[in-house]
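Below you'll find the structure, written out as structure tokens, and then a few comments.
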Amino acid sequence: MPDTPDNFYVTTPIYYVNARPHIGHAYSTIVADVLARRHRLLGDDTFFLTGTDEHGQKVQRSAEAAGIPPQQFTDEVSATFRGLWDRMGITYNGYIRTTDERHKRGVQKLWKVLEQRGDIYLSSYTGQYCVSDEAFVDVPVGAPCPECGRITETITEENYFFKLSAYQDKLIDLIESGELHIQPETVRNEVLSFVRSGLKDLSISRTTFDWGIPVPDNPKHVIYVWLDALANYITAIGYGSENPEEQAHFERYWPADVHLVGKEITRFHCVYWPALLMAAGIPVQKSVVANGWLLFEQSKMSKSRGNVVRTETILDAFGEHYRASIMKAGQPEPDKRDCDLFASDVLRYFLLREIPFGQDGSFSFDALLARYNADLANGYGNLVSRVLRLIDGIGQVSQFEPDASSNNIRTAAEECVRSVHAGFAEYRFSNVAADIAALIAAVDGMLTAVAPWKLLKSSDAADQLRAKTSLHTAAEAIRIITALLHPLMPHTSAKVWAQLGLGSIDDAARNGELKDLTWGGLQAGTRLGPLAPIFPRADKGLAQLMSDMEQNGITTPVGAEKTATKTAPLTENFTDVTSRAEQPGAESASPAASIPTEPTTPGGANPPLAPEITIDDFAKVDLRVAKVLVAERIPKADKLLRLEVDLGFEKRQILAGIAEYYAPESLIGRKVVIVANLAARKMRGLESNGMIVAASVGLDGAPVLAGFAEDVELGARLK
């Protein structure tokens, strides 16, 4: 009788829809996808959940600032997350939105259960509230939030409260016993310290805004966004449903095996969520695993800091590099899906290899390129290319007789399989990648020592046998390496598997062939599949291209070299994003309008120059360098952005008609040129003190902001 597969349920945080996704979001989602793929190939019945968190005061304010209803705002932003995960080949089984009816139904059921069990009561509260984190914080009036540093607001309102204090001892026992496993150890210790310091009852409703799930039987209250959001892990798999099949689905997968979270939200997942579950009589999740922050320019990526890196930049740049390289090698042009998945694998490998999971990690385009060339182009890709080319010249994988060199590689491969298995189980993804890289280096070393490309030219039978033995050994090691890499780099590992003549790696994973890897799976007589480059080497210009794309807020679509076009700045026009993401065959959830490389008039001629001026006329214009501190939309003004800029010696407000072409968050921290001595004027009731300098490009006159390649100090005057 076959073994019943184990269940495995993994979740990402549900991402807040106040801004577009960046690679920090991608990091958590990639880790979840790696775990899901790993457990599937182990034969586990796996469910992988992700989604978006769409209620709360911050979302309501963001929607108001955009001049659209909250539901429309959340529909459009959520579509960008889902579109990006699909573009990256993320294999989620469920996608939950907290505006889904099934979620609302489940949250209200959870509320009623808590109320019936006596753990909710009505009272009033005055305290400091952080809108950004959607959390009450214990700080003095006017003090900043200890988590994000933003100034808190004083809130006085009638609230429902959850008796969190009653669960203090139970939480300590739960964590100390290991029944709720928290990783890494530092986070576990911080959570225990917080619980031991004394828990206060938790406010779980709000009345000062209405964008949320109404409290049952008292709709003037909305349910606190964190209770609402945390419940997604059970509502997405059937909690609250009257449908027997959905109820069975909940019982099948709950409790979750692992909640993957950012370290800044561990309190909610390790204190509030298990306490709510215990109060409702629901089993507590098995583990919470926290990842560190992804740092760019030595600080956490965030919209407010203006230092986010868009995943699309990396997908576009590496995808185009792959397309151009494949065509240069004389191969058929890859389609966009192929290019996207190649680039996704590059990003996956870098984040997992470069950043020890659970710790903060730095990101830079230079580091991404260096790791790509070192480990993938010069390492794995080069090994595959030279070994398979030599075997292809022979015609097939040859018979061989083990010798000392091949036995050493076999031993190294078997040890690598054991260490990788342990590394996956302990979330040591960086170690997994490093162990595989060490095996690649060992195989490279054997080939260098044996030099089969020389021995194959010999007429001596012993030389021929040694050459074929080394190549068979190397190819078998590549099979092991490729199987181990599959959860990390699913797309390119599938290509190598096919080149080895082994067919579909996905079929192999489903059939259990990747579960217990043993030496000897590549049989003599195997004929290779069609060969093609795997990881074409990239030059330093690719890192600069990505940096320029990010700074200028542009995308370079696959095929840009063929069409010789540039792209307009990426817009935050969520309606366009949604409509394209939902169209059959849509290629990207990040639209960008095409602009000719040379400005032209409808007739094709260059626009005429303005009337001549003297140097004295030009001297009257005071052009200065400024840095954008704040950028936000103006309600009911589709074309205007309100900017606050720093000139070094003063700050001022400027209104700019660029809202159709620039996302507000893409401007924060950017250096621009302004006309500093332009007379003030009022628009939409706001005063504008200056003008942003931009080029008018293309038939529609799209603005492209002036800037500098060099670092120029604030306030510097252009002459």
Side-chain angles (χ1 to χ4, degrees), residues 8-16 24 27-28 31-32 35 49-51 53 107 110 114 119 130 133-138 145-148 161-204 224-236 239 253-293 300 357-360 426-427:
F8 181 74
Y9 179 24
V10 59
T11 70
T12 70
I14 53 172
Y15 302 112
Y16 210 54
Y27 181 39
S28 297
V31 170
L35 291 174
L49 177 70
T50 189
D53 180 5
V107 170
L110 178 62
L114 294 170
D119 280 300
C130 175
D133 291 335
E134 297 283 9
F136 289 98
V137 291
D138 190 13
C145 170
E147 293 294 332
C148 71
F161 285 79
F162 168 64
K163 294 180 180 178
L164 180 65
S165 58
Y167 291 88
Q168 179 170 325
D169 291 341
K170 293 179 181 178
L171 283 166
I172 292 172
D173 290 343
L174 189 74
I175 297 167
E176 287 187 334
S177 68
E179 186 177 347
L180 173 57
H181 177 70
I182 301 173
Q183 190 175 323
E185 188 72 15
T186 52
V187 171
R188 177 182 181 274
N189 293 338
E190 289 171 2
V191 170
L192 275 173
S193 177
F194 174 76
V195 177
R196 288 180 178 133
S197 69
L199 296 179
K200 298 178 181 179
D201 288 352
L202 180 68
S203 170
I204 56 171
Y224 174 47
V225 67
W226 270 104
L227 189 160
D228 168 358
L230 289 164
N232 91 88
Y233 303 125
I234 55 177
T235 63
Y239 179 83
Y253 289 111
W254 191 260
D257 291 87
V258 56
H259 291 324
L260 293 171
V261 302
K263 66 179 182 180
E264 72 276 12
I265 56 174
T266 50
R267 182 196 310 169
F268 300 95
H269 287 79
C270 301
V271 180
Y272 302 161
W273 180 226
L276 289 164
L277 290 169
M278 286 190 287
I282 301 171
V284 172
Q285 76 271 29
K286 297 176 185 177
S287 69
V288 176
V289 179
N291 60 267
W293 289 337
K300 179 190 174 188
F357 190 73
Q359 301 178 26
D360 292 347
E426 297 167 8
Y427 307 101

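All values reported here derive from a predicted model rather than from experimental measurement. We're numbering straight along the sequence, starting at 1.
With sequence neighbours excluded, the residues satisfying side-chain hydrogen bond (donor to acceptor under 3.5 Å, both in side chains) with His259 are Thr11, Trp273. With sequence neighbours left out, Ala229 forms a side-chain contact (heavy atoms from CB on, under 4.5 Å) with Ile14, Asp53. For the salt bridge (charged side-chain N to carboxylate O under 4.0 Å, His left out) test, no residue two or more places apart in sequence or in another chain qualifies with Lys170. Under the rule for a salt bridge (charged side-chain N to carboxylate O under 4.0 Å, His left out), the partners of Asp360 that lie at least two apart in sequence or sit in another chain are Lys263. Take Asp201 and apply the side-chain contact (heavy atoms from CB on, under 4.5 Å) test, not counting sequence neighbours, and it matches Tyr121, Phe161, Lys163, Ser165. For Pro13, the side-chain contact (heavy atoms from CB on, under 4.5 Å) test picks out Tyr15, Ser28, Ile265, with sequence neighbours left out. For Gln359, the side-chain contact (heavy atoms from CB on, under 4.5 Å) criterion is met by Pro356, not counting sequence neighbours. A search for side-chain hydrogen bond (donor to acceptor under 3.5 Å, both in side chains) contacts involving Ser203 returns Asn159, not counting sequence neighbours. Applying the side-chain hydrogen bond (donor to acceptor under 3.5 Å, both in side chains) test to Tyr253 and every residue at least two apart in sequence or in another chain returns Asp45. Residues that satisfy the side-chain hydrogen bond (donor to acceptor under 3.5 Å, both in side chains) test with Tyr272, not counting sequence neighbours, are absent from this structure.
Here the shortest heavy-atom pairing between Ser287 and Tyr427 reads OG-OH, 4.4 Å. The nearest pair of heavy atoms linking Ile282 to Tyr239 is CD1-CE1, 3.7 Å. Between Phe357 and Val289, the shortest heavy-atom distance links the atoms CE2-CG1, 3.2 Å. For Leu230 against Phe268, the heavy-atom pair with the smallest separation is CD1-O, 3.6 Å. Shortest non-hydrogen contact noted between Thr12 and Gly51 is OG1-N, 4.4 Å.
Crowding of Glu179 atom CD: a count of heavy atoms from other residues, nucleotides or ligands under 6.0 Å not exceeding 12.
Using cut-offs of 30° and 60° on the angle between ring planes, the pair His269 and Tyr233 is tilted.
Expressed to the nearest 0.5 Å, how far CG of Leu110 lies from CG of Leu114 amounts to 4.5 Å. Between the OH atom of Tyr9 and the NZ atom of Lys286 there is a distance of 12.5 Å, given to the nearest 0.5 Å. The structure places CG of Leu171 at 8.5 Å from CG of Leu180, a figure rounded to the nearest 0.5 Å.
Side chains of Trp293 and Tyr27 form no contact here, defined as non-hydrogen atoms less than 4.5 Å apart. A heavy-atom distance below 4.5 Å is not found between the side chains of Leu164 and Lys200. Val31 places none of its side-chain heavy atoms less than 4.5 Å from the side chain of Asn291.
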Just distance, no hydrogens or angles: give the donor-acceptor pairs under 3.5 Å from side chains in residues 274-281, sequence neighbours left out.
none

Without placing hydrogens or testing angles, list every side-chain donor-acceptor pair under 3.5 Å for residues 182-193, not counting sequence neighbours.
from	atom 1	to	atom 2	distance (Å)
Gln183	OE1	His181	NE2	3.2
Gln183	NE2	Glu426	O	3.3
Asn189	ND2	Glu185	O	3.4

Chi angles and distances behind the side chain to side chain contact (heavy atoms under 4.5 Å, CB included) call for Val258, Phe8: CA-CA 8 Å; Val258 56; Phe8 181 74; 3.9 Å; yes
Working note: Asp119 + Tyr167, criterion side chain to side chain contact (heavy atoms under 4.5 Å, CB included); need CA distance, chi angles, decisive distance, verdict. CA-CA 10 Å; Asp119 280 300; Tyr167 291 88; 2.9 Å; yes
